[in-house]
Amino acid sequence: MANFYTDTSVLSHYLNHPLMQRIVALRERDFAEKDAYPYAPSSVSDTLDSYSRVLEIIGEICAETIASNAAEVDATGASCGNGRVAYAPGTARNIAVCKQAGLMGMSMPRCYGGLNFSLVPYMMATEMVSRADAGFANIWALQDCAQTINEFGNEDQKRRYITRVCEGATMSMDLTEPDAGSDLQSVQLKATYSEEDGCWYLNGVKRFITNGDSDIHLVLARSEEGTKDGRGLSMFIYDKRDGGVEVRRIEHKMGIKGSPTCELVYKNAKAELCGDRKLGLIKYVMALMNGARLGIAAQSVGISQAAYSEALQYAKQRKQFGKPIVEMLPVAEMLATMKAKLDAMRSLLYQTSRYVDLYKTLEEIAKERKLLPEERAEMKKYSKMADSFTPLSKGLGSEFCNQNAYDCVQIHGGSGYMKDYTCERLYRDARVTNIYEGTTQMQVIAAIRYVTSGYYASVMQEYAETPVAESMQPLLQQLNLLQERYVAAVNRVVEWQSQEAIDLLGRKLVEMAGCIIMGYLLLQDASANETLFAQSARVFVSYVASLVDMNAGYIERFELADLSNYQA
């Protein structure tokens with residue numbers, strides 16, 4: 001039987017990364033639950049084995065069920081009638097299978113019915129589901145919204161809502177509005193507290209809400225009268241069983257058609273406050289969005305894997321001029337570059353996931369006991385690493401995803417333009433990854449301070465000093481030279497003391513930073529497993545060299561007077 005976990009050996013490589021020992025020990029609190037729950041692990045190896053077994057189940061479901069339903073779901077899509085959404089039949093089958101397998105709420109604590117999985121295997125599951133059907137991933141992966149309730153909700157809310165998610169309830173995050181897209185400070189959906197009823201009521205409209213007819217919603221609403229900025233916003237939990245919300249319409253999208261994107265009308269919808277008032281945007285949405293952006297990075301890897309697999313299979317079968325086109329160097333070069341980008345974005349995804357795992361788990365432990373000084377320092381270190389890597393992983397990963405989907409269609413030639421082939425759907429599905437949960441431009445804005453402060457350069461230096469295999473030394477030397485050129489480009493821009501110059505050149509600087517960091521990570525992977533990663537490392541370093549030549553060269557020739565060329 002086909003299996004997306006066992007046929008992708010690199011996943012096992014990342015599951016057994018040395019940092020996983022520390023992550024597991026922290027997350028399992030030194031295996032304190034082994035006697036309370038029959039399925040709780042008793043050691044690191046037991047935990048990793050449990051992760052692997054569940055991922056194998058998910059891999060089989062993805063390959064045999066979700067991927068098999070994908071074409072039908074894409075053709076059918078969800079429908080809307082009488083204010084409610086009906087999933088495509090294939091989507092309904094997917095949800096049923098995932099519920100039956102107990103794959104909902106897998107990262108939630110065991111006391112609420114979850115599996116207490118760390119973020120790394122959860123991202124692997126998201127990658128595989130996305131490889132099977134990116135649209136369904138948008139429904140399945142929104143279970144991650146439960147993490148916001150787990151982090152900021154009270155105990156009663158956790159037991160009522162997280163338990164339901166672990167049993168299969170679906171979720172959504174209702175943030176954007178017709179006049180508030182990326183500018184969430186402009187949210188106007190009104191939350192009014194009723195002293196008589198002892199609850200909040202929501203009124204207004206939300207737009208572009210993924211899986212908008214879900215069972216449980218996290219809603220950003222304006223709770224403070226007379227406010228106009230983020231300080232007047234709070235986070236609320238809405239339960240569909242209480243009524244008061246109708247789906248006005250489903251958007252007709254280019255891709256991810258199995259995922260209903262809804263416009264919602266709130267009419268005196270009963271809701272309850274999650275966490276504290278006024279922190280909805282400032283604290284809770286920021287945490288929610290960081291998780292969502294990493295999820296899109298995983299989705300991008302999944303689509304990219306599907307695109308590479310489809311392209312490789314077609315290139316082996318398709319013959320032109322008497323031989324398979326995979327033997328033609330122009331095609332072979334495209335495939336090698338696709339694979340290098342895939343391996344690079346995956347390496348960054350799981351490095352970022354490990355950083356998030358470590359600091360989030362230490363944050364949870366800090367609520368249970370006072371952290372030791374070295375633990376507090378560790379939490380601070382990995383928090384900054386996670387915050388700086390997340391926009392790189394989402395921004396560059398989604399761009400690579402689009403490039404690989406494009407090249408997959410190109411390798412298929414005319415056939416790739418036809419709906420008979422999977423690559424046509426992948427191309428459409430990929431397009432949204434660098435748009436939603438913050439466009440690439442928004443990721444550049446989030447990342448640029450780590451460029452101008454020199455933080456990314458310090459990370460590169462740390463990686464440059466990490467030992468690599470002898471065979472990787474020439475590549476390491478190349479990356480070190482590219483790092484020097486990147487630093488020189490950053491210094492040139494910073495010395496101008498011009499915010500306009502930073503805004504204009506920011507994407508070029510962030511691209512260089514992210515790609516050089518991915519290059520170092522690939523060298524570490526290739527040093528651990530040359531068979532899996534050496535070719536990609538060589539190809540990717542060459543790709544990074546050409547990118548730095550282009551971007552650094554542009555900055556080296558740029559003068560402040562050139563800013564006028566870009567004014568409307």
Side-chain angles (χ1 to χ4, degrees), residues 11 13-33 41 43-48 50-52 55 106-110 114-127 144 147-148 150-152 283 286-295 297-298 301 346-394 397 446-447 450 455-456 458-460 462-463 466 517-518 520-521 524-525 528:
L11 294 178
H13 166 83
Y14 290 116
L15 194 63
N16 291 284
H17 187 278
L19 266 182
M20 291 303 295
Q21 303 278 326
R22 175 67 171 155
I23 290 168
V24 167
L26 287 172
R27 187 153 188 91
E28 291 297 333
R29 309 298 196 271
D30 292 321
F31 314 99
E33 293 185 341
S43 66
V44 170
S45 60
D46 192 18
T47 306
L48 294 176
S50 176
Y51 289 172
S52 186
L55 288 170
M106 59 190 291
S107 63
M108 291 295 101
R110 295 186 183 92
L115 298 177
N116 198 45
F117 273 28
S118 89
L119 184 65
V120 170
Y122 177 63
M123 285 295 104
M124 290 181 179
T126 304
E127 174 191 331
D144 191 45
Q147 180 59 39
T148 297
N150 187 46
E151 195 169 347
F152 304 113
K283 185 174 183 180
M286 292 301 102
L288 183 64
M289 290 295 286
N290 276 340
R293 285 168 178 167
L294 200 57
V301 171
R346 184 181 273 134
S347 185
L348 179 60
L349 167 67
Y350 292 118
Q351 184 80 325
T352 308
S353 299
R354 289 188 290 268
Y355 292 156
V356 175
D357 251 336
L358 284 163
Y359 101 82
K360 283 286 189 182
T361 304
L362 285 165
E363 275 190 343
E364 292 172 7
I365 293 173
K367 297 175 183 177
E368 303 165 6
R369 63 168 174 82
K370 186 177 181 179
L371 294 179
L372 299 172
E374 57 268 28
E375 290 176 324
R376 188 162 296 280
E378 187 179 22
M379 181 177 71
K380 183 178 180 181
K381 172 188 174 182
Y382 287 120
S383 176
K384 189 169 185 178
M385 295 290 279
D387 285 347
S388 65
F389 274 38
T390 296
L392 296 181
S393 194
K394 197 279 182 186
Y450 297 107
Y455 182 73
Y456 285 142
S458 69
V459 171
M460 293 175 199
E462 179 184 336
Y463 287 167
T466 302
I517 286 172
M518 281 189 273
Y520 281 121
L521 292 175
Q524 293 174 24
D525 288 333

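Worth knowing before you read on, the calculation uses all heavy atoms, side chains too, and leaves out hydrogens, waters and symmetry mates.
- Taking the six-membered ring wherever Trp is involved, the centroid distance between the rings of Y359 and Y382 does not fall below 6.0 Å.
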Report task. Decide side-chain contact (heavy atoms from CB on, under 4.5 Å) for I517 and L392; before the verdict, give the C-alpha distance in whole Å, the side-chain angles of both, and the deciding distance to 0.1 Å. Result -> CA-CA 10 Å; I517 286 172; L392 296 181; 4.0 Å; yes
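- No hydrogens or angles considered: a donor-acceptor pair under 3.5 Å links the side chains of Y350 and E127.
- The aromatic rings of Y456 and F389 are tilted relative to each other, their planes meeting at an angle between 30° and 60°.
- When side chains are defined from C-beta on, R346 does not count as touching H13, because their heavy atoms never get closer than 4.5 Å.
- Partners of S43 under the side-chain contact (heavy atoms from CB on, under 4.5 Å) rule, at least two apart in sequence or in another chain, are S45, D46.
- A salt bridge is absent between K367 and E151; no separation between the charged side-chain nitrogens and carboxylate oxygens falls under 4.0 Å.
- Between L288 and D144 the shortest side-chain heavy-atom distance does not fall below 4.5 Å.
- With contacts defined as side-chain heavy-atom distances shorter than 4.5 Å, the pair L15/S52 qualifies.
- Residues S393 and L294 are in side-chain contact: their nearest non-hydrogen atoms beyond the backbone lie under 4.5 Å apart.
- Between the side chains of Q147 and Y122, no donor-acceptor pair of N or O atoms lies under 3.5 Å.
- Residues M123 and V120 are not in side-chain contact: their nearest non-hydrogen atoms beyond the backbone lie 4.5 Å or more apart.
- Looking only at side-chain heavy atoms (C-beta outward), K360 and L119 stay at 4.5 Å or farther from each other.
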Query raised in the report: Passes side chain to side chain donor-acceptor pair (under 3.5 Å), Y14 versus D525? Steps please.
Result: CA-CA 9 Å; Y14 290 116; D525 288 333; 2.7 Å; yes
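- Within the 4.5 Å cutoff, side-chain heavy atoms of V24 are placed close to those of Y51.
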Query - Verdict with supporting geometry, I365 and R29, side-chain contact (heavy atoms from CB on, under 4.5 Å) - result: CA-CA 8 Å; I365 293 173; R29 309 298 196 271; 3.5 Å; yes
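- In this structure, the side chains of T390 and Y355 stay at 4.5 Å or more apart for every pair of heavy atoms.
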Report task. Could you walk me through whether Y520 and Q351 pass the side chain to side chain donor-acceptor pair (under 3.5 Å) test, one step at a time? Result -> CA-CA 11 Å; Y520 281 121; Q351 184 80 325; over 6 Å; no
